[in-house]
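Everything quoted here is computed from the prediction, not taken from an experiment. Ligands are counted one by one from 1 in listed order, and the atoms in each one are counted from 1 as well. One is the number of the first residue; the rest follow in order along the sequence.
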Amino acid sequence: MRIHDVSVSICATTPIFPGDPKIQFEQWAALDKGDPANVTMLHFGAHTGTHVDAPAHFIEGGSDVHAMQLESLVGPARVILIADDVPAITSDHIDASSLDGVTRVLFKTRNSQFWKNSEKGFRNDFTYLDPTAAAKLVELGVRLVGIDYLSVEKFGSTSFPTHTILLERGIVILEGLDLCDVNPGDYELICLPLKLAGGSGDGAPVRAILRSLE
Ligand SMILES: [Zn+2]
């Protein structure tokens with residue numbers, strides 16, 4: 001059984017969504033400075049790298065990442081290939097994908113290639129999920145929706161319809177996947193967020209893997 005790591009590395013040069021906190025690692029204690037151990041202090045936002053969004057991200061009083069059901073985060077998932085010339089995934093793409101019975105959907109788009117040149121910084125021309133696609137996924141009863149860049153939303157949106165449609169129904173949004181090395185098809189997804197209980201619980205980084213079913 002093959003395990004595919006579909007998470008991005010978190011380091012100082014990992015692209016972050018504009019306006020989010022910078023990623024910083026501080027050597028809090030260091031053996032070479034005479035401290036008894038190496039201890040790193042982490043400084044970054046809850047939506048850094050590969051991460052989940054909880055309802056509390058956009059909905060006042062929405063449930064937090066701590067309350068996220070583990071059953072949504074582990075289980076069968078389908079990777080859908082979206083052609084490179086598609087800037088927005090719409091309900092037509094969902095209709096064409098025959099997703100009956102699929103509970104977790106991960107969209108592999110041209111965005112995955114962006115991670116290869118990530119030192120060049122954030123790209124705002126990423127392929128996103130149109131609200132018509134989000135509504136269709138709700139209709140289908142999907143529990144988790146993943147995409148291979150830092151947001152499911154069209155860049156520059158001020159009303160965030162795609163997030164709202166999904167989060168209002170408690171659907172987990174998984175963002176920042178790197179699906180470069182994964183073929184379209186069916187897998188088992190395991191993506192477990194840090195068990196953060198502080199803050200507003202809006203999201204948390206995850207280590208996401210796909211296991212081949214063969
Ligand atoms: Zn998001």
Which single N/O/S atom of H163 lies at minimum distance from the Zn ion (ligand 1)? NE2
Which is it for Y187 and H4 under the ring pair (Phe, Tyr, Trp, His ring centres under 6.0 Å) test, yes or no, and what are the steps along the way? CA-CA 10 Å; Y187 297 87; H4 305 267; 5.6 Å; yes
Find, among atoms of D53 that are N, O or S, the one nearest to the Zn ion (ligand 1), and state its name. OD2
Mind checking whether the Zn ion (ligand 1) has an N, O or S of E153 under 2.8 Å? no
Parallel, tilted or perpendicular: which describes the rings of Y149 and F114, with under 30° parallel and over 60° perpendicular? perpendicular
Donor + acceptor pair across side chains of T90, D130 (<3.5 Å): no
Is it the case that E168 and H163 place a side-chain donor and acceptor less than 3.5 Å from each other? no
